[in-house]
Amino acid sequence: MADDVETTLAPTPVGDARISWHRPAGPAKAVLGLGHGAGGGIGAADLVALAATLPALGVAVALVEQPWRVAGKKIGPAPKTLDLAWLPIAERLAAEGAPLVVGGRSAGARVACRTGAPSGAVAVLALAFPLHPPGKPERSRAEELLGSGLPTLVVQGTVDPFGVPAEFPPLPPTHRLVPVPRAGHGFAVPKSAALGQDGVLELITDSVGAWLAQTLSL
């Protein structure tokens with residue numbers, strides 16, 4: 001991450017969230033708010049890569065730490081509590097005055113899908129969407145994704161134990177899925193993969209950048 005990252009606190013009904021801002025050199029054409037997963041924070045490689053590359057396209061990237069992480073807890077709360085915290089966070093992001101895109105990885109993607117439309121966002125980015133718990137495909141969360149009500153980009157590893165691209169139901173015209181070859185839930189790939197780790201991150205950032213440019217007419 002850049003040394004000049006701006007960090008602010010955002011009050012929510014369940015405690016303060018922390019927002020790390022990665023801003024473009026000029027006025028932001030859009031704001032992308034990204035939440036983390038249940039087992040990690042904003043240091044995830046895909047989140048860091050997006051924060052490093054998208055400002056060059058005029059997109060301000062806000063990496064958001066949910067209140068439970070800020071408070072030092074190791075286990076996230078129930079989905080309703082996560083959503084309750086995210087809505088005022090999204091309101092804070094929207095106050096920047098640019099079109100708001102909400103997203104996140106894993107659990108953060110679920111939150112964005114559930115709250116995107118009510119938050120006033122114009123699109124949703126779902127990184128490593130946990131379609132189902134590992135080994136339990138019958139417990140599908142597809143309804144959350146399909147019900148986002150907004151243009152939605154899904155970026156999914158082809159060996160993700162939480163759901164591979166082939167397991168996703170047919171997506172509506174508003175939704176797009178980008179498969180990441182041989183990538184797991186954290187988008188790590190084996191050394192034998194044709195597309196190495198740097199290439200994986202480049203695929204993610206290029207795909208998200210192109211989707212944002214098309215969706216928002218940047």
Side-chain angles (χ1 to χ4, degrees), residues 1-25 27-55 58-130 141 144-145 148-150 152 162 185-187 208 212:
M1 294 183 188
D3 293 333
D4 57 352
V5 173
E6 172 193 342
T7 302
T8 60
L9 292 178
T12 85
V14 293
D16 287 344
R18 184 185 295 119
I19 304 174
S20 296
W21 287 97
H22 301 255
R23 299 183 183 275
K29 300 177 183 178
V31 173
L32 173 61
L34 294 172
H36 52 76
I42 61 172
D46 50 338
L47 301 183
V48 172
L50 291 168
T53 59
L54 292 182
V59 178
V61 178
L63 301 183
V64 179
E65 293 175 85
Q66 278 264 6
W68 66 271
R69 288 278 300 188
V70 177
K73 299 178 181 178
K74 295 183 179 180
I75 300 177
K80 287 185 178 180
T81 302
L82 294 174
D83 295 355
L84 184 65
W86 186 260
L87 286 170
I89 294 168
E91 184 177 357
R92 167 65 186 85
L93 302 181
E96 293 286 306
L100 173 63
V101 178
V102 292
R105 71 159 4 266
S106 195
R110 294 182 65 194
V111 173
C113 287
R114 292 192 301 258
T115 64
S119 74
V122 297
V124 171
L125 172 60
L127 303 163
F129 185 85
R141 299 157 178 156
E144 293 180 355
L145 179 67
S148 69
L150 297 170
T152 300
F162 288 83
H185 195 57
F187 294 124
V208 173
L212 287 172

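Values below: every heavy atom of this structure, side chains too, minus hydrogens, waters and symmetry copies. This chain uses plain numbering: 1 for the first residue, then up along the sequence.
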Considering only heavy atoms from C-beta outward, does the side chain of [X] approach that of [Y] to under 4.5 Å?
{"X": "Leu82", "Y": "Pro77", "answer": "yes"}
{"X": "Leu127", "Y": "Leu47", "answer": "yes"}
{"X": "Val5", "Y": "His22", "answer": "yes"}

> Looking only at heavy atoms, what is the nearest atom pair of Pro24 and Pro55, with distance?
Replying inline: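 Shortest heavy-atom separation between Pro24 and Pro55 comes out as CB-O, 3.2 Å.
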To the nearest 0.5 Å, tell me how far [X] [atom1] sits from [Y] [atom2].
{"X": "Lys73", "Y": "Trp68", "atom1": "NZ", "atom2": "CH2", "answer": "10.5 Å"}
{"X": "Ser148", "Y": "Leu125", "atom1": "OG", "atom2": "CG", "answer": "11.5 Å"}
{"X": "Phe129", "Y": "Leu145", "atom1": "CZ", "atom2": "CG", "answer": "5.0 Å"}

>> I need the full list of salt bridge (charged side-chain N to carboxylate O under 4.0 Å, His left out) pairs touching residues 97-113, with sequence neighbours left out, sorted by first then second residue.
In response: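 Residue pairs with at least one partner in residues 97-113: Asp46-Arg105, Arg110-Glu144.
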> With sequence neighbours left out, what residues match Trp21 under ring pair (Phe, Tyr, Trp, His ring centres under 6.0 Å)?
Replying inline: none
Hey, can you pull the donor-acceptor pairs under 3.5 Å for the side chains in residues 11-19, sequence neighbours left out?
from, atom 1, to, atom 2, distance (Å)
Thr12, OG1, Val14, N, 3.1
Thr12, OG1, Gly15, N, 3.4
Thr12, OG1, Gly15, O, 2.6
Arg18, NH1, Glu65, OE1, 3.4
Arg18, NH1, Glu65, OE2, 3.1

Report all side-chain donor-acceptor pairs from residues 93-103 shorter than 3.5 Å, counting only partners two or more places apart or in another chain.
from, atom 1, to, atom 2, distance (Å)
Glu96, OE1, Arg23, NH1, 2.7
Glu96, OE2, Arg92, NH1, 3.0

>> Filter on ring-ring contact (aromatic ring centres under 6.0 Å, His included), then keep only pairs touching residues 98-128, sequence neighbours left out; what's left?
In response: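 Found none.
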Pair up each side-chain donor or acceptor in residues 31-43 with any protein partner under 3.5 Å, not counting sequence neighbours, and list the distances.
from, atom 1, to, atom 2, distance (Å)
His36, ND1, Gly40, O, 3.3
His36, NE2, Gln66, N, 3.0

> So does Glu91 have more than 12 non-hydrogen atoms from other groups sitting under 6.0 Å from CD?
Replying inline: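 No.
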